[in-house]
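Working notes for the structure below.
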There are 2 protein chains.
Amino acid sequence: MLVAVDLVVLTVRNDRLLILTIDRGVDPFRGQAALPGGFVRPDEDLLDAAERELSEETGLSELRVHLEQLATYGHPDRDPRRVISIAHLALVPDAADPTAGGDAAAARWTAVGDLLDDPGRLAFDHHRILSDGVERARAKLEYSPLATAFCSEAFTIGELRQVYEAVWDTEIDPRNFHRKVSKTPGFVVETGATTTRQGGRPAKLYRRGPAELLHPPMLRP
Amino acid sequence: MLVAVDLVVLTVRNDRLLILTIDRGVDPFRGQAALPGGFVRPDEDLLDAAERELSEETGLSELRVHLEQLATYGHPDRDPRRVISIAHLALVPDAADPTAGGDAAAARWTAVGDLLDDPGRLAFDHHRILSDGVERARAKLEYSPLATAFCSEAFTIGELRQVYEAVWDTEIDPRNFHRKVSKTPGFVVETGATTTRQGGRPAKLYRRGPAELLHPPMLRP
DNA sequence: CGTGTTATCGTCAAGACGACGATAAGAAAG
DNA sequence: CTTTCTTATCGTCGTCTTGACGATAACACG
């Protein structure tokens, strides 16, 4: 049985949640859009394989990418070659555009909303994997500080709020959000600096705090 | 690369969280305790394979078992034969004792606490898998009605509370728990019957309600 | 210097929570 | 039959959190 890893790579740009897709350069599904991924090497750990494929097929190899295992898909009919795939979820800050490589003919950011609305656009069972990955990301923003993975090293609370709004596709009251984030222990810590890059009154800059879990969690409306 | 499924099968009996372990009947680790599991057949879905192994190795094949995928373990050194394992989590009501079969020389319930305290007792990386499975179960009791999977079809709120206490290893105030459960929409519905099997005043019997997620969630102390 | 924009701090009422008192309804003991 | 014991169920109270929203602060721009 063949073993592969696939990647759901998400970022937030201009208040929209984007996912990285490639155009397949090989059969099956040659030419069709798909998630980046590839086979696991015999002496490779799964997470290492995911990291390698991310770097090979998309050129993204930042230090600041959050990578975790998502789920494994093994239905006998999901791939004519009988491949089981361990899908991974990657969250990256809004950074440079990807560059195709490996078995990928092209690599680009696509709006998640558009892909979710069109189940036939992605090859294999990748629509299902995408949908599971987005749901995982939405859920994790509730009880973990992972939203910071979409931000640059230092960020304002307003920028963090825009991440939540993009991923959850909702509007959040800026005042209540500010209160909640600053009162949740360990979520963010002040850097001391301020910025005006959002316009308006200068905002304090924060970086991610030490907390791994948020108590109490952020609540999706 | 070989592909297997392993199972973390949990139940609650006498206010303790128990896990199903087998004694391995074949090499490697012959004679040592391990999680039940086995290889996935070429034309089999992963969840089907987990269900089959549960039935083959332990004789548990109830309709009322909750089964979900947990995570996949693929470190190159985890098994000398280079096996990756898709671990599954099964929650079953306190029912008949298991009967060994397949590659298992014996099957029995073991206290989870004892196994967690002794990392060397289980074969392979099964201690890690067990620990991940227990943590998943603990987390899911917070935001899902899955605690009902440990109860019989009809249960009292007191019995449900004992499940929470066993899985979380805490004490919960019966009055606040009663208020919380009965006020969370869709968690439980009355059957109309009552029972005195817990002693004391007769308690109303409930069955699981339609909710898939609990809003607001139960909170671990 | 006004105006627009975002940040940050308060206020207030509604709801949820933890601690715990009180009553109810059965079984078992005397 | 009465007392006692046990568990179930309902209520109260003070505290904390939340959502809705007012008010002020501090910058850029024309």
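Note on naming: letters A, B, ... go to the chains in the order of the sequence lines (proteins, then strands), and numbering restarts at 1 for each one. Values reported hereafter were calculated over all heavy atoms of this structure, with side chains retained and with hydrogens, waters and symmetry mates removed.
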Atom [atom1] of residue position [X] - does it have more than 12 heavy atoms of other residues, nucleotides or ligands inside 6.0 Å?
X        : atom1 : answer
B/Arg136 : CZ    : yes
A/Asp114 : CG    : yes
A/Asp118 : CG    : yes
A/Arg128 : CZ    : no

Checklist outcome for this item: Tested for side-chain contact (heavy atoms from CB on, under 4.5 Å) against A/Leu91, the lone hit among A/Lys140, A/Arg64, A/Glu68, A/His66 is A/His66
Next on the checklist: For DNA chain D, which residues of residues 186-212 of chain A approach it to below 4.0 angstrom with any heavy atom?
Outcome noted: A/Gly200, A/Arg201, A/Pro202
side-chain N/O [X] vs [N] OP1/OP2, d < 4.0 Å:
X        : N      : answer
A/Arg179 : D/dT17 : no
A/His178 : C/dT8  : yes
B/Arg161 : D/dA8  : yes

Nearest-Å distance, [atom1] ([X]) to [atom2] ([N])?
X        : N      : atom1 : atom2 : value
B/Asp173 : D/dC10 : CG    : P     : 15 Å
A/Ile172 : D/dA20 : CD1   : P     : 12 Å
B/Lys183 : C/dA14 : NZ    : C1'   : 12 Å
A/His215 : D/dT17 : NE2   : P     : 14 Å
A/Asn176 : D/dC21 : CG    : C1'   : 8 Å
B/Ile157 : D/dT9  : CD1   : P     : 6 Å
A/Phe177 : C/dT8  : CZ    : C1'   : 14 Å
A/Leu219 : D/dG19 : CG    : P     : 6 Å

Checklist entry - Got a donor-acceptor pair under 3.5 Å from the side chain of A/Arg175 to the base of D/dG22? => result yes
Item to check | Heavy-atom pair of closest approach, residues A/Glu159 and A/Phe155 | outcome: OE1-CA, 3.2 Å
Checklist entry - In Å, rounded to the nearest 0.5 Å, how long is the span from CH2 of A/Trp109 to OG1 of A/Thr58? => result 7.5 Å
